[in-house]
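Every chain is numbered from 1 and lettered A, B, ... according to where its sequence line falls, protein lines coming before strand lines. Below, all heavy atoms of this structure are taken into account, side chains as well, without hydrogens, waters or symmetry copies.
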Number of protein chains: 2
Amino acid sequence: MPKAQRMAQMLTVAEEIFAEQGYLATSMDEIAERVGVSKPMLYEYFGSKEGLLIGCIHRARTELREKTAAAIAGAAGPEEFLRLGLRAFFEFIVEHQRSWALLRQEAAIAVPSAQEEVEGIRQQQTDMIGSVLVSFAPQIDPLEAEAFAEIVVGACERLAVWCERRPSVGPALATDYVMAVIWPGVADRFKKLPGPVQPAWR
Amino acid sequence: MPKAQRMAQMLTVAEEIFAEQGYLATSMDEIAERVGVSKPMLYEYFGSKEGLLIGCIHRARTELREKTAAAIAGAAGPEEFLRLGLRAFFEFIVEHQRSWALLRQEAAIAVPSAQEEVEGIRQQQTDMIGSVLVSFAPQIDPLEAEAFAEIVVGACERLAVWCERRPSVGPALATDYVMAVIWPGVADRFKKLPGPVQPAWR
DNA sequence: CTCGTAACTTACTTCGAGTAACCTACTGCG
DNA sequence: CGCAGTAGGTTACTCGAAGTAAGTTACGAG
């Protein structure tokens, strides 16, 4: 099997088993067996168990970025821009429900360098939100804009975990809840600052 | 040394080393040596490495609950109640800066059952916030109240991590930021619902 | 002084991450 | 055809850390 294909297969299998059993409880032998290959091949491709985990996270991150970029293209104003971006995030999470827990929880704990990747995902989200704030209200205090973005990302991340236990709450309702809580506060800031320009993210 | 005292000492040392090096990178031998005791003693007291971690988290959880309860005693209205509760949380985090990363990140990833304890901490916070909402606005949709509470907890958790990289943002300013974003949205819900009663949490 | 128990240690076993060294099958070229 | 080189792969190890079995010391009560 060619390398690129084998690599993708390994990532898919690893993500699956990690999500099922957790990172620590999964052995490299186990992954190798399920892939139908021997352990040293995993080391050939990813260097270490940690490297394999980082590969999984990195792939998810790329996918999230692409989906978000597609979702927010053509949004009219800050509220719609934010709403579409948040909704893309919730949809991504519902799709990757099992592996998302791995990405944000297991990865961060077990493997310091995987944490960088997870932070990268969050960074993407805060960038997206920060860009809404800064481009629609250029006079906003940068520190405040950053803090607001972190607050919104944290809110979504936590609510997404909660949604897993509440099947009745899908991406649409989750987005509504978050917007209901944060938008009045954010809009309030906008009112006190010079007016809107177009947002530019990616 | 008597058991209770030894146990506390083990927890203190373990929390310290876990925070320094991470859970995975720390060996039980290493902790045992720093405590000045042999490895089987740790197993005697905590059963497993996982048990030791859970012990650390559990102790932190208890402390947070006590501090929060003390802080919110005597708050006048929902806004002050929420503000004091959030502030106690940020102060707790600043105090336990290094070990907080362990609790919420490493623990969740590496050890599924430690995750329960971490969720317990979050549950305390959502209970606190949920009690504000429900008791000041008894007619609120319970699902919505729960979602709002999760959103606020997520926002704080994430902002707390951000504060670690931003020494200029202390507990007071962090609380202000969160309140600025969420309070207008929450107050907006209150306005549409029957009026305030006293909150009761713990 | 000796019995009992609380607190502790030494000396293992086991399991899994990571590695060294060797193997196979295909592709291009004289 | 036959052979070299390499992509893709395997077997058989080492080593370190979690967890354990069995034995040892300290010390207060009778």
Classify the angle between the aromatic ring planes of A:Tyr23 and A:Phe18 as parallel (below 30°), tilted (30 to 60°) or perpendicular (above 60°). tilted
Just checking A:Met41: base, sugar-phosphate only, or nothing, at a heavy-atom cut-off of under 4.0 Å? base
Could you work out, with side chain to side chain donor-acceptor pair (under 3.5 Å) as the rule, every residue matching B:Glu63, not counting sequence neighbours? B:Lys67, B:His96
Please classify the nucleic acid contact of A:Tyr45 as base, sugar-phosphate, or nothing, using heavy-atom distances under 4.0 Å. sugar-phosphate
Take B:Arg122 and B:Glu150 through the test salt bridge (Lys or Arg N to Asp or Glu O under 4.0 Å) and record every step on the way to the result. CA-CA 8 Å; B:Arg122 294 187 177 113; B:Glu150 296 285 340; over 6 Å; no
Salt-bridge criterion met for A:Arg34 and A:Glu20 (N-O under 4.0 Å): yes
Taking atom CD of B:Glu33 as the centre, does the number of heavy atoms from other residues, nucleotides or ligands within less than 6.0 Å exceed 12? no
Students should find this one: the first and last nucleotides of DNA chain D, 5' to 3', lying under 4.0 Å from a heavy atom of chain B. What are they? D:dA17 to D:dA21
Compute both the distance and the angle, then confirm whether A:Lys49 meets the cation-pi test with A:Tyr43: under 6.0 Å from the six-membered ring centre, within 45 degrees of the axis. no
Any donor-acceptor pair under 3.5 Å linking the side-chain atoms of A:Glu30 with those of A:Gln21? yes
Side chains of B:Arg6 and B:Gln9: donor-acceptor distance under 3.5 Å anywhere? yes
What's A:Ser38 touching, base or sugar-phosphate or nothing? Going by heavy atoms closer than 4.0 Å. base
Which is the 5'-most and which the 3'-most nucleotide of DNA chain C that has an atom under 4.0 Å from a heavy atom of chain B? C:dA7 to C:dT10
